[in-house]
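Before any comments, here is the structure.
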Amino acid sequence: MRSTVFSLSVMFVAGCVASCLVGCQDDSEKLQRILAKRQVAVQEHSQQDHLGETVALLDQYVELNEQRARQQIAYHINQWMREHAGSSSSPADPASEMPAIAQSLAGFLSPEQLADAVQRPEFTADDVPLLRDANLYRHVVAWIDTPLRDDPIFADWLQGLRAKASESDGATTQDESADTDSLALTVKDIDQLQTAMRLFDWTVRNIALEPDQLAVPAQLPVPAMPPRMPFEGPGFRQTDYQTLWRGRGDWLQRCGVFTQLCLQAGIPTAVLATQSDETGERTPWSVGALIGEHIFLFEPRLGLPIPGPDQTGVATLAEARKDPTLMRRLNVAGYFDYPLSRTDISQNVALLNLRPETLSSRMRTLESGMTGEHRMRFWVDAEDWAKRFDAIPGIAGVRIWEVPTLAELYAHGLEAVADRDPGFAFWYRSRFAVLEPSGTQDSDLVRGRWRHLTGQFVDDESDGTEGARTHYLNQRAPEYEIDDLRINVQLQTQYGLRRELGMDPAEYDARLQQMQTFIRLGKRTATYWLALLQYDDGRYDTAHNWFTKRVLDDEQQSYWADAAVYNAARASEQEGNIAEAITALKTDQNVSDFGNRLRARLLDRLEPGETDSTDDSPSE
């Protein structure tokens with residue numbers, strides 16, 4: 001209706017202008033300018049509609065049919081692009097050239113695939129996952145980046161940095177300029193650093209750590225894999241989006257989520273890797289956030305920023321290259337020796353977590369149209385990032401990280417195998433079936449997860465939308481109901497189960513048992529995510545109770561147990577129960593045990609004299 005009224009108004013004005021042009025020749029030039037402005041207004045209104053439709057579809061993505069949503073989004077963007085190109089007020093698009101850094105992916109994509117991704121002028125359905133990801137990440141950043149998400153271990157250090165910056169009014173003294181290792185940060189730099197620390201801490205708490213190599217069922221036929229891609233190997237076995245959505249992944253996938261969040265926050269990051277002089281093989285070991293003229297180090301495997309001098313604050317690459325004790329203090333005596341030393345990390349390759357489409361001019365053009373609350377980042381000036389990272393001592397080259405591209409290739413390969421092999425298809429698709437959106441009758445778990453990640457925790461009565469908390473609670477079916485599923489026909493109907501004519505009773509019972517397994521998986525996942533939501537909402541006491549009494553209930557054990565132990569300890573920290581948190585972190589026995597013990601050591605410094613951490617003292 002508003003669009004119709006707007007169009008009629010424009011037509012009326014245009015008619016008046018035309019009449020005046022006939023009778024008032026002296027004012028014709030002025031009236032032509034008015035008409036031109038009105039035409040621009042119509043065009044801008046149409047453009048805004050297309051971008052508005054695009055954002056609306058992205059915001060509802062998991063509730064839509066994915067194939068149709070991709071087509072509609074690509075259509076609206078291409079319509080906007082055509083109108084954008086015809087607007088005289090629009091800046092000229094840059095030449096669609098292949099950035100030199102894109103050749104980093106030449107060994108993984110054919111020249112034709114690389115050219116299509118980077119130089120194609122129009123959007124296709126294949127571009128939409130990148131837009132979906134960017135939209136979700138910017139929603140996550142919007143509600144994470146608040147003081148509620150600050151890590152108490154680093155609070156005093158950040159406060160000291162701010163006091164120093166305030167004293168110098170953000171300016172660097174002549175003496176500090178001469179010392180390249182000095183932490184001379186402006187207030188803006190400190191704001192960025194604090195944002196990066198919040199995003200990293202959220203990533204560690206919300207992405208449950210898995211081993212580098214996942215176990216494979218003995219009876220599963222392992223398909224032939226391309227070179228350098230072991231089946232269920234590290235990093236590439238799921239995409240960054242899947243890692244965020246599923247809430248679990250290995251440490252390389254934590255790298256992916258953290259760097260994607262930083263991208264939406266406007267913070268350049270790179271996965272830092274050592275490189276063998278003999279073979280040229282690169283071995284990632286941390287994430288570096290480029291802030292000011294410093295690279296701050298974050299270690300996703302340990303779940304901690306690398307502590308700075310005297311185990312205070314966050315270390316920079318310059319500090320780690322200069323002070324040998326920084327890397328040695330990552331050792332946990334009697335438990336763990338960190339595999340890298342100061343000399344090992346003296347030279348690094350910076351790996352940018354960017355998909356090739358992110359380098360294209362079409363993404364740059366689209367990003368320029370996203371303004372206000374819809375602003376999000378689709379495009380990166382990778383050449384500029386490369387120059388900035390390469391200018392930092394200790395960086396011996398910058399490349400595009402191959403893992404995101406490998407993840408896409410890996411997924412396509414497994415889908416092809418699943419299409420040919422029903423047994424493999426069941427294993428491949430059933431693992432996360434309860435977590436995957438279908439676009440038709442999505443479960444409360446799917447809707448709750450989307451609301452959680454987009455920051456919609458509670459019900460919105462104005463538009464009748466249920467929040468994440470309500471959806472998670474609805475997903476938690478009572479145990480007696482799950483048990484009754486095999487004998488209660490009414491319940492079977494509610495869950496969409498029906499015994500077909502001629503179906504063997506044993507086969508139908510097997511289906512019912514399989515459904516019970518899925519329901520329990522959904523219930524236990526909802527329980528864990530509900531506990532996380534309580535933490536995210538600042539309800540630390542409630543979160544601790546959910547982690548310890550519900551997720552870690554002996555009768556409700558699930559694959560979230562390790563992460564629940566860690567997050568229960570973090571809730572204890574926030575409640576001020578430091579000794580309790582230290583005890584929990586030290587008794588944890590799982591894939592993140594070493595990082596947990598390092599955190600316990602840092603917490604011990606907050607409570608001197610109250611706990612005994614001599615067994616975890618660093619090797620010097």
Side-chain angles (χ1 to χ4, degrees), residues 50-51 53-62 64-82 84-85 93 96-99 101-138 226 229 236-245 256 260 263-264 352-367 369-370 376-380 382 400-419 436-439:
H50 284 300
L51 290 187
E53 281 295 321
T54 297
V55 174
L57 289 168
L58 291 173
D59 281 343
Q60 304 170 53
Y61 197 88
V62 299
L64 304 173
N65 177 282
E66 183 172 15
Q67 184 176 3
R68 291 183 59 189
R70 287 191 184 194
Q71 293 171 348
Q72 292 175 14
I73 290 169
Y75 164 78
H76 282 295
I77 295 174
N78 284 327
Q79 287 296 106
W80 178 83
M81 292 278 283
R82 293 186 186 98
H84 181 85
D93 294 334
S96 184
E97 298 179 355
M98 181 71 69
I101 197 171
Q103 296 305 319
S104 305
L105 299 174
F108 305 96
L109 297 174
S110 69
E112 293 76 18
Q113 290 173 317
L114 194 57
D116 179 70
V118 178
Q119 297 178 297
R120 173 168 30 87
E122 289 201 337
F123 282 80
T124 69
D126 291 338
D127 290 316
V128 174
L130 187 150
L131 311 182
R132 172 205 62 193
D133 297 3
N135 186 55
L136 182 56
Y137 283 116
R138 63 113 179 175
M229 294 181 70
F236 54 78
R237 62 177 176 250
Q238 63 187 14
T239 65
D240 292 342
Y241 175 82
Q242 289 172 326
T243 301
L244 177 66
W245 181 255
Q260 293 284 6
L263 172 61
Q264 292 304 316
L352 307 182
N353 183 19
L354 303 174
R355 282 185 270 183
E357 293 86 353
T358 312
L359 312 179
S360 67
S361 61
R362 68 183 181 279
M363 290 293 177
R364 181 178 186 177
T365 302
L366 176 61
E367 183 178 308
M370 295 292 183
M376 61 189 95
R377 297 179 184 272
F378 306 128
W379 174 81
V380 168
I400 302 295
W401 196 25
E402 68 274 13
V403 165
T405 298
L406 290 178
E408 297 289 342
L409 297 176
Y410 184 79
H412 288 311
L414 293 193
E415 284 289 349
V417 174
D419 289 340
E436 297 302 326
S438 65

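Just so we're clear, the structure is a prediction, and the values are computed from it rather than from any experiment. The chain is numbered in sequence order, starting from 1. Side chains are part of it too, since the values below use all heavy atoms of this structure and drop only hydrogens, waters and symmetry mates.
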Applying side chain to side chain contact (heavy atoms under 4.5 Å, CB included) to L131 and F378, what does each step give before you reach the verdict?
CA-CA 7 Å; L131 311 182; F378 306 128; 3.7 Å; yes

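- In this structure a side-chain-to-backbone donor-acceptor pair under 3.5 Å is missing from Q119 to E97.
- Shortest non-hydrogen contact noted between P356 and V118 is O-CG2, 3.5 Å.
- In this pair, H50 and Y75 present their aromatic rings perpendicular. The plane angle is above 60°, beyond the 30 to 60° band.
- Considering only heavy atoms from C-beta on, M98 comes within 4.5 Å of Q103 through its side chain.
- Taking CH2 of W245 as the reference point, atom CG of L136 lies at 7.5 Å (rounded to 0.5 Å).
- Rounded to the nearest 0.5 angstrom, L130 CG and T358 OG1 are separated by 4.5 Å.
- Of the N and O atoms on the side chains of Q260 and Y241, not one donor lies less than 3.5 Å from an acceptor on the other residue.
- Of all heavy-atom pairs spanning S360 and A117, the tightest one is CB-O, 3.9 Å.
- Using a distance-only test at 3.5 Å, with no hydrogens or angles considered, a donor-acceptor pair links the side chain of Q242 to the main chain of T239.
- A distance of 8.5 Å separates CG of L263 from CG of N353, quoted to the nearest 0.5 Å.
- Ionic pairing of E367 and R362 is not present here: no N-O contact between side-chain nitrogen and carboxylate oxygen is shorter than 4.0 angstrom.
- The side-chain tip of R237 does not point at the ring of Y410 from less than 6.0 angstrom away and within 45° of straight on.
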Test side chain to side chain contact (heavy atoms under 4.5 Å, CB included) applied to R132 and E66, step by step:
CA-CA 11 Å; R132 172 205 62 193; E66 183 172 15; 3.8 Å; yes

Please assess M363 against D127 for the test side chain to side chain contact (heavy atoms under 4.5 Å, CB included), listing each intermediate value before the final yes or no.
CA-CA 9 Å; M363 290 293 177; D127 290 316; 3.9 Å; yes

Report the C-alpha separation of L244 and Y137 in whole Å, then their side-chain angles, then the decisive distance to 0.1 Å, and conclude whether the side chain to side chain contact (heavy atoms under 4.5 Å, CB included) test is met.
CA-CA 9 Å; L244 177 66; Y137 283 116; 3.6 Å; yes

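- Rounding to the nearest 0.5 Å gives a distance of 13.0 Å between CG of L366 and CH2 of W379.
- The closest donor-acceptor contact from the side chain of E408 to the backbone of P404 lies at 3.5 Å or more, if one exists at all.
- Taking a cutoff of 4.0 Å between a charged side-chain nitrogen and a carboxylate oxygen, D133 and R355 qualify as a salt bridge.
- With contacts defined as side-chain heavy-atom distances shorter than 4.5 Å, the pair R364/L359 does not qualify.
- The heavy-atom pair separating A102 from L114 by the smallest distance is O-CD2, 3.6 Å.
- At least one donor-acceptor pair under 3.5 Å links the side chain of N78 to the backbone N or O of F123.
- For the atom pair I77 CD1 and L51 CG, the distance stands at 8.0 Å (nearest 0.5 Å).
- For R82 and Q79, the side-chain atoms include at least one donor-acceptor pair closer than 3.5 Å.
- Between L352 and A382, the closest heavy-atom pair is CD1-O, 4.2 Å.
- Listed here is the closest heavy atom pair of R70 and V128: O-CG2, 3.5 Å.
- With rounding to the nearest 0.5 angstrom, the OG1 atom of T54 is 7.0 Å from the CD1 atom of I73.
- For the residue pair A74 and T124, the shortest heavy atom distance occurs at CB-C, 3.8 Å.
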